[in-house]
Structure formats: C-alpha cells, structure tokens
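Each remark here refers to the structure printed beneath this line.
From a predicted model like this one, the values you see are computed outputs, not experimental measurements. For the numbers below, each heavy atom of this structure counts, side chains included, while hydrogens, waters and symmetry mates do not.
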Amino acid sequence: MKKFVFAAIIALLAGVCVQAARPKIVAHRGYWKAAGSAHNSIRSLVKADSIGADMVEFDVWMTSDDVLVLHHDAEAGPYVIPDTTYAVLRDNYRLPNGEPVPTLDEYLDVAKGLRIGLVFEIKWHRPERENLCVKKCVEMINEKGLADRTIYITFSPNAHEQLGKYGVPHYFLTGKSPQELVEMGSDGPDFHYEVYYKNTDFIPEFKRLGMPVNVWTVSTADITQDFIDLDVDYITTDTPELAVRLLRETPDHKDVRVMDFNLEGAESYDAAAAVIRAEHPDFVTLQGVRHTAELNRLAEVSEMFVYYAANGKDGVAVLSRLTPAETRSLTLPNQFRNTPCKAIVCTYDLGSAIRVNIASASMSDENDVTRGHQAEYITRYLRDAGLPAILGAGLNDEPESKAWKVMRGRFGELGPDGVTFPAPVPDRKIDYLLCYPSDKVVRRASYIRPSAASCHTPVIADVTIRY
C-alpha cells in the first residue's frame with residue numbers, strides 16, 4: 001500500500017519546479033542506539049556526528065530554576081523537570097548510560113567543536129514559562145554562534161508563535177495543512193511519515209510554497225528510501241547509520257540516450273522507426289511530423305510512447321520509453337501571423353528524485369524575427385521551470401542567426417558540430433540538441449547518424465542527468 005501511495009506522490013512531484021539539496025539525515029535524539037549511548041546524551045551527539053549524520057535532534061526543557069536541560073519526557077524518574085531544580089536532577093537522576101541530564105549549555109559547547117547541525121525541539125511548558133524558555137533558548141544559540149546551524153521545532157502553537165517573533169527557522173510538528181502552516185507563519189512542516197502517506201498532495205504543495213519538508217521518525221529501510229526518493233529536505237530517524245548509507249547508495253545521476261530527428265520529407269515512417277530502433281534511445285524529439293496517422297505506428301514499432309502537438313502544417317512530438325508525469329503543449333510567439341508553431345514539453349521522473357523536462361520545438365521557416373522570439377520563449381520557459389531540460393529544436397536557420405544566438409546564449413549544446421540537412425548529403429546544420437543547465441545535463445558522447453529516412457539526419461547524444 002505504501003508503495004502505491006509513494007508512486008502517487010512522485011507523480012505529483014514531477015510537475016513541481018524546484019531545485020534542492022539532497023535530504024539531510026537527522027539523528028533523532030542523537031545516535032542513541034550506539035554502544036554506551038542514550039537519548040539526548042552528550043555521547044549520542046558525538047556518535048551522530050561521527051557516522052556522518054547531517055543534523056542531530058534534541059529535546060529541551062526548562063527546570064523550575066530556569067536551567068535549560070535535555071530530556072525527551074517531562075518525567076525524569078520520579079521528577080517532573082519543569083517543577084524540579086537542576087541541582088536535584090543532577091544529584092539524583094542519571095540517563096540509562098550513566099550520564100547526568102546534560103544542560104543545554106554543556107551540550108552546545110560540545111556541538112561547537114563538531115560539524116553537525118542542530119534540530120532544536122522546545123517542549124511544552126505553561127505559556128509564561130514557555131515564553132521565557134523560548135527566549136533563553138534563542139539567546140543561548142546566538143551567544144554560542146550556532147544560529148546558522150540550527151532550526152527549531154515544536155508541538156506547541158505558543159512556542160511556535162514565540163519562535164516566529166525572533167525570526168528563527170521554525171517548523172511545526174503536527175499534521176496541519178499547507179494553508180494552515182502559511183497562516184501560522186511557519187517555515188515548514190515536520191510531520192510524521194504517515195501524514196505524508198495519507199495526504200499525497202502535501203509534499204508537492206509544500207515544495208510549491210517553498211517550504212522545506214521534514215519527516216519523522218523514519219527508521220526502516222523501505223520508508224527511508226521512500227523519503228529519499230521523494231526528495232524531502234530532512235529525514236529524522238532512529239537509525240541514522242542506515243539512512244546515511246542508503247543516501248550514499250542512492251544514485252545522484254541517470255545516464256540516458258537522446259535523439260533529435262526531423263521527419264520532414266519522410267515518405268514512410270517505417271524507415272524512421274528502423275533508425276530509432278537501431279540507436280536504442282530513451283527519448284526522441286521529433287519535428288516535421290505530418291503523417292499523424294502513422295505516428296502511433298512509428299511509436300509502436302520503436303517500442304516507445306508518443307506525445308504529439310500539432311502545428312499548422314506539421315507537428316512536434318516526443319517519444320519515450322517512460323510515461324511522463326506531465327505533458328504540455330506550448331504555442332510559440334507568432335506576431336507576424338506566420339504559420340503557427342508549437343512546442344511540446346514532457347516531464348519525466350527518472351528515479352532517485354532525478355527529474356527532467358524533454359522538449360521538442362520547431363521554429364518558423366518564414367521569418368527570422370519570429371524565430372528569434374520563439375527561441376527566446378521556449379528557452380525562458382524551460383529555464384523558469386526549474387528542472388534540468390533537454391530541447392530538440394529545428395531552428396530552420398544557420399549558425400550565427402538570431403535564433404541560434406538566443407539558444408546558444410542560454411543553453412549548452414549536446415550534439416556534435418557536424419551538418420544535418422539536407423540528407424543524404426547535408427551541407428548545413430539546422431537541427432540541435434540543447435540542454436540546461438550545463439552542470440545538471442552533461443554530454444558524454446554525441447554523433448550524427450547518416451540516414452536517408454528523411455531530409456534531416458538524426459542527432460544522438462549520450463547524456464548524464466545529475467540530481
């Protein structure tokens with residue numbers, strides 16, 4: 001059941017236009033399962049740092065004499081922490097590993113010498129005591145110079161509101177809707193994983209709102225991998241060593257083969273299908289598609305899915321071995337009322353939170369000013385989408401033209417320098433495979449395949465798409 005829901009969330013996320021770092025692994029109450037460790041202990045902090053966890057989560061209470069201490073529950077043996085002095089706790093209670101309950105001051109002094117970040121949970125207190133607790137916590141973090149390594153979390157609406165007044169990153173710990181968190185002034189959610197499984201729209205909506213997504217408490221391999229693949233921002237776990245290993249083993253790139261093929265002049269799509277099958281591409285961007293009745297057969301013979309957008313006299317399409325999460329047909333600028341031109345954009349989830357837009361566009365063959373505006377429109381659209389993008393484009397123009405300068409000024413080139421038109425003996429280059437950004441879409445190899453299947457020779461590139 002969880003895998004079905006996970007797939008639904010991934011489908012929603014594929015249309016969300018964000019770029020983010022990979023998830024940060026948060027050791028819940030420190031790495032308390034390590035030998036000689038305990039929840040919220042100094043050792044659990046040091047062990048979490050030693051295994052490569054990005055952050056450590058810990059719980060803070062204020063004693064009756066205003067000392068900030070770490071402990072998960074309000075009860076420490078027979079003592080209720082908010083009603084007990086620190087001296088009584090120190091002298092009469094020990095954590096399971098023999099350590100005394102650490103003060104926040106002691107804990108942060110150790111943290112200063114480590115590289116690990118801090119997820120600081122403020123526990124429930126009576127409102128007036130809670131206000132003082134929040135004030136003292138924020139002041140101590142600032143005094144220790146740890147503000148840039150700290151985010152705050154809480155179950156308490158009052159503590160959450162108080163944290164907002166100090167302008168620190170603060171997240172709420174129960175399953176409010178995205179709109180409710182916006183109204184609360186929260187920086188984002190920190191919800192139990194079941195909340196996300198039951199509300200499959202939450203993660204994409206939080207991402208759309210620009211809110212970092214935290215999840216707790218994830219401990220099994222399958223659920224941890226789910227949330228790595230969902231590209232959340234923080235994974236809070238009781239098994240941080242497992243989570244760190246899974247994250248390291250999760251690929252941060254995907255290798256694919258892409259072909260651009262203009263079918264202008266193709267008398268039979270069977271010949272084009274034979275060319276495509278021989279190259280085994282993962283994606284094919286097509287232009288010059290006039291025989292729409294044969295397009296589905298071309299896809300069938302090529303053993304690929306097809307997505308099509310019609311122009312005035314021909315169309316553009318994308319063939320793919322995967323089904324896209326979303327497809328969009330774009331009408332390109334046409335201020336001089338030339339023949340209408342379209343672009344098609346398909347968004348694909350490649351796994352491991354790696355997503356890409358594959359687009360096909362054919363520029364006007366009637367007006368160079370129109371071509372320039374069309375090139376500007378489609379490149380801006382793909383850049384603004386916020387995902388790595390590969391664009392197969394028939395520029396219908398020579399290098400150094402306005403359209404070419406716009407394209408090459410904004411996008412890198414995946415194809416080689418060779419000529420592509422007219423086949424079988426081409427003398428100019430008007431067919432392009434382009435990409436954005438250059439650090440996310442990297443060419444490994446590329447070539448032009450001689451072919452008499454149409455008036456254009458296809459361009460093929462082997463590409464690495466990075467997270």
ask   = When you look at NZ of Lys429, are more than 12 heavy atoms from neighbouring residues, nucleotides or ligands closer to it than 6.0 Å?
value = yes

Pair Arg328 + Glu326, salt bridge at N-O below 4.0 Å = yes

message = Tell me whether Ser302 contacts the main-chain N or O of Ala299 through its side chain, where contact means a donor paired with an acceptor under 3.5 Å.
response = no

inquiry  = Quick one about Tyr234 and Asp54 (side-chain donor to acceptor, distance below 3.5 Å, no hydrogens or angles considered), yes or no?
reply    = no

ask   = Between His291 and Ala293, is there a donor-acceptor pair closer than 3.5 Å when you use the side chain of the first and the backbone of the second?
value = no

ask   = Hey, mind stepping through Asn40 and Trp32 against side chain to side chain donor-acceptor pair (under 3.5 Å) and telling me if it holds?
value = CA-CA 7 Å; Asn40 285 296; Trp32 59 269; over 6 Å; no

N-O pairing of Arg245 and Glu249 below 4.0 Å = yes

ask   = Does Arg443 use its side chain to pair, donor to acceptor, with the backbone of Gly415 at less than 3.5 Å?
value = yes

task = May I ask you to decide if Asp255's main-chain N or O and Thr464's side chain share a donor-acceptor pair within less than 3.5 Å?
result = no

ask   = If you measure from CZ on Arg410 to CZ on Arg383, what distance do you get to the nearest 0.5 Å?
value = 6.5 Å

request  = Compute the ring centroids of Phe202 and Tyr197, then answer whether they are less than 6.0 Å apart.
outcome  = no

message = Any carboxylate oxygen within less than 4.0 angstrom of a Lys/Arg side-chain nitrogen, looking at Arg355 and Asp349?
response = no

ask   = Hey, is the main chain of Ile116 close enough, under 3.5 Å, to the side chain of Asp49 for a donor-acceptor pair?
value = yes

task = Give a yes or no on whether a salt bridge exists between Lys123 and Glu121, defined as a side-chain N under 4.0 angstrom from a carboxylate O.
result = yes

remark   = Distance col, row Glu130:CD vs His160:NE2, nearest 0.5 angstrom, shows 12.0 Å

ask   = Charged N to carboxylate O below 4.0 Å: is that the case for Asp252 and Arg466?
value = no

message = So, taking the atom named OG1 in Thr150 and the one named CD1 in Ile141, what distance separates them when rounded to the nearest 0.5 Å?
response = 3.5 Å

query = With a 6.0 Å cut-off on ring centres, are Tyr152 and His170 close enough?
reply = no

Backbone of Thr420 reached by a side-chain donor or acceptor of Thr457 within 3.5 Å = yes

task = Answer yes or no: is there an ion pair linking Asp282 with Arg257, defined by an N-O contact shorter than 4.0 Å?
result = no

inquiry  = Looking only at side-chain N and O atoms, does Asn357 offer a donor or acceptor that is under 3.5 Å from a partner on Thr347?
reply    = yes

ask   = Does Glu183 CD have over 12 foreign heavy atoms under 6.0 Å away?
value = yes

inquiry  = Using only atom types and a distance under 3.5 Å, with no angle test, would you say the side chain of Arg149 pairs donor to acceptor with the backbone of Ala111?
reply    = yes

Side-chain donor/acceptor of Ser360 to backbone N/O of Val316, under 3.5 Å = no

ask   = With respect to Tyr432, which candidate in Val459, Thr285, Leu395, Asp260 satisfies the side-chain contact (heavy atoms from CB on, under 4.5 Å) definition?
value = Leu395

task = Please report the closest heavy-atom contact between Leu286 and Val284, naming both atoms and the distance.
result = CD2-CG1, 3.6 Å

request  = Ignoring hydrogens and angles, state whether a donor on the side chain of Ser44 or His39 is under 3.5 Å from an acceptor on the partner side chain.
outcome  = no

More than 12 heavy atoms from other groups under 6.0 Å of CD on Glu300 = no

message = Between Arg29 and Glu57 (salt bridge meaning N to carboxylate O under 4.0 Å), is one present in this structure?
response = no

key: Aromatic plane relationship, Tyr381 with Tyr377 - under 30° parallel, 30 to 60° tilted, over 60° perpendicular   = parallel

request  = Indicate whether any N or O donor in one side chain lies under 3.5 Å from an N or O acceptor in the other, for Asn334 and Gln374.
outcome  = no

note = In this structure, CG of Leu332 is separated from OG of Ser362 (nearest 0.5 Å) by 9.0 Å

inquiry  = Less than 3.5 Å apart, any donor N or O on the side chain of Glu241 or Tyr31 sitting next to an acceptor on the other?
reply    = yes

inquiry  = Quick check for you: to the nearest 0.5 Å, what is the distance between Tyr307 atom OH and Ile358 atom CD1?
reply    = 12.5 Å

task = Check whether the ring centres of Phe261 and His456 lie less than 6.0 Å apart, and answer yes or no.
result = no

request  = Look at the side chain of Glu180 and the backbone N and O of Ser177, then say whether any donor-acceptor pair between them is shorter than 3.5 Å.
outcome  = yes

ask   = Ring centres of Tyr348 and Phe283 under 6.0 Å apart?
value = yes

task = Look at the side chain of Thr331 and the backbone N and O of Lys342, then say whether any donor-acceptor pair between them is shorter than 3.5 Å.
result = no

remark   = Scanning both residues in full, the closest heavy-atom pair of Val168 with Leu163 reads CG2-O, 3.5 Å

key: Salt bridge flag under 4.0 Å for residues Glu376 and Arg380   = yes

key: Heavy atoms from other residues, nucleotides or ligands near CZ of Arg297 exceed 12 (cutoff 6.0 Å)   = no

request  = Tell me yes or no: between the side chains of Thr154 and Ser156, is some donor less than 3.5 Å from an acceptor?
outcome  = no

ask   = Quick check: are there more than 12 heavy atoms from other residues, nucleotides or ligands sitting under 6.0 Å from CG of Asp439?
value = yes

